Amino acid sequence: MTYVFPPATVPSVPVLGTPERFPVHRIYCVGRNYEDHAKEMGFTGREPPFFFLKPADAIVPVEAGTTSTIPYPSLTKNLHHEIELVVAIGVGGANIQAADAHRHIFGYAVGLDMTRRDLQTDMKKQGRPWCIGKGYDASAPIGPITPAANAGNIAQAGLWLQVNGADRQRSNVGKLIWNIGEIIEHLSAAWELQPGDLIYTGTPEGVAAVVSGDDMVGGVDGLESLTITVA
């Protein structure tokens, strides 16, 4: 097979403790999946889960123990951080039951769903898709993936984000409205999941703006932390 130009390199994420890398197929994100965050965004209750996608090459993979830089993106004056637990799918499937979801998980990582909030809000007001607010370049920083067997009790892990050394977000994965198994069940009913899919599971309350020069450090208990500087 020949191509009219060389195909792009497959986006990939480091796997903690090994030289191997996790090739990324798709990035699925769960919206408003912590109650207090839903409230701060003007919503309440356990609404049916909904999803949006980011392009695979939106990831910014961060090696263990290092700091990566993301550019302050164009067109926005209100760039928000959203710290999230990321689930890495190792075995694909459709119509996966929540009770069987663990069999499809390769591992977990710490991720940031960076958001051009002003652009997203403007698109919402117009009833238009808000990909421009969520799916732009370098909008999905992610730390190394910890294999599931080494991740501990991820379902009750604390997660947090500090900006310039001060707490911004702090919660617990146990507060997810839709837990990891339920997320995979709902997702796999709509899309056939593939090895290499990443699922950003939602962010807790405390989302706020960052500016050029800010340092973000995020973590999920039992996983390698994530350090990002906004250029």
Side-chain angles (χ1 to χ4, degrees), residues 24 26-60 68-87 110-142 159-164 166-173 175-178 182-183 186-187 190-191 198-218 220 226 228-231:
V24 179
R26 289 179 182 166
I27 302 173
Y28 297 97
C29 303
V30 188
R32 298 196 297 263
N33 202 22
Y34 285 84
E35 183 177 357
D36 287 341
H37 172 58
K39 289 178 178 177
E40 75 179 354
M41 299 299 289
F43 300 87
T44 60
R46 183 179 160 96
E47 60 185 320
F50 71 94
F51 309 98
F52 58 92
L53 282 78
K54 291 176 182 269
D57 62 0
I59 64 165
V60 179
S68 286
T69 299
I70 59 171
Y72 194 94
S74 63
L75 302 179
T76 185
K77 295 181 179 179
N78 194 18
L79 176 64
H80 276 205
H81 58 71
E82 299 190 7
I83 191 68
E84 311 206 4
L85 169 69
V86 182
V87 177
V110 181
L112 279 167
D113 168 17
M114 301 302 296
T115 303
R116 296 194 280 202
R117 189 71 72 199
D118 45 359
L119 301 185
Q120 181 194 30
T121 299
D122 186 51
M123 292 297 103
K124 285 182 176 180
K125 288 178 180 178
Q126 298 182 59
R128 295 177 176 177
W130 30 272
C131 306
I132 194 171
K134 287 286 192 179
Y136 61 91
D137 296 339
S139 61
I142 184 171
L159 76 163
W160 51 272
L161 179 76
Q162 294 182 330
V163 178
N164 301 326
D167 271 13
R168 285 282 187 90
Q169 295 183 265
R170 190 168 291 274
S171 189
N172 190 285
V173 176
K175 293 185 178 182
L176 284 170
I177 296 173
W178 298 93
E182 292 170 327
I183 291 169
H186 281 279
L187 260 180
W191 293 273
L198 296 175
I199 304 170
Y200 280 60
T201 58
T203 196
E205 69 278 8
V207 300
V210 288
V211 297
S212 295
D214 280 347
D215 295 316
M216 298 180 286
V217 181
V220 174
L226 172 67
I228 292 288
T229 296
V230 183

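Side-chain atoms are counted along with the backbone in the values below, which use heavy atoms only and exclude waters and symmetry mates. Computed from a prediction, not measured in an experiment: that's the story for all the values here.
- Panel note: side chain N164, backbone D215; a donor-acceptor pair is recorded below 3.5 Å.
- Between the D214 side chain and the V211 main chain, a donor and an acceptor come within less than 3.5 Å of each other.
- Judged purely by atom type and a 3.5 angstrom limit, Q169 has no side-chain atom pairing as donor or acceptor with the backbone of W160.
- Side-chain atoms of S171 never come within 3.5 Å of backbone atoms of L159 as a donor-acceptor pair (strictly under, hydrogens ignored).
- Salt-bridge check for D167 with R170: passed, with a basic side-chain N closer than 4.0 Å to an acidic carboxylate O.
- The backbone N or O of K134 sits less than 3.5 Å from a side-chain atom of S139, completing a donor-acceptor pair.
- Summarising the geometry of T69 relative to V60, their closest heavy-atom pair is O-CG1, 4.5 Å, with the distance given to 0.1 Å.
- A 4.5 Å side-chain heavy-atom check between N78 and R116 finds every atom pair outside the cut-off.
- Counting heavy atoms from C-beta on, the side chains of I142 and V110 never come closer than 4.5 Å.
- Ring geometry for W191 against Y28 counts as tilted: the plane angle lies between 30° and 60°, on a 0 to 90° scale.
- The minimum heavy-atom distance between M216 and I70, with the atom names listed, is CE-CD1, 4.3 Å.
- Counted within 6.0 Å of NZ on K124, heavy atoms from surrounding residues, nucleotides or ligands total more than 12; the atom is thus considered enclosed.
- Using a cut-off of 4.0 Å between Lys/Arg side-chain N and Asp/Glu carboxylate O, E35 and K175 are scored as not salt-bridged.
- For the residue pair R117 and T76, the shortest heavy atom distance occurs at N-OG1, 4.5 Å.
- Under a 4.0 Å N-O distance rule, the pair D113/K54 qualifies as a salt bridge.
- Under the ring pair (Phe, Tyr, Trp, His ring centres under 6.0 Å) criterion, Y136 pairs with no residue at all, not counting sequence neighbours.
- Side chain of E84 to main chain of G202: a donor-acceptor pair is present (N/O by atom type, distance under 3.5 Å, no hydrogens or angles).
- Using a 4.0 Å cut-off between charged nitrogen and carboxylate oxygen, R168 and E205 do not count as a salt-bridge pair.
- No donor-acceptor pair closer than 3.5 Å links the side chain of W178 to the backbone N or O of H186.
- In this structure, H80 has no ring pair (Phe, Tyr, Trp, His ring centres under 6.0 Å) partners at least two apart in sequence or on a different chain.
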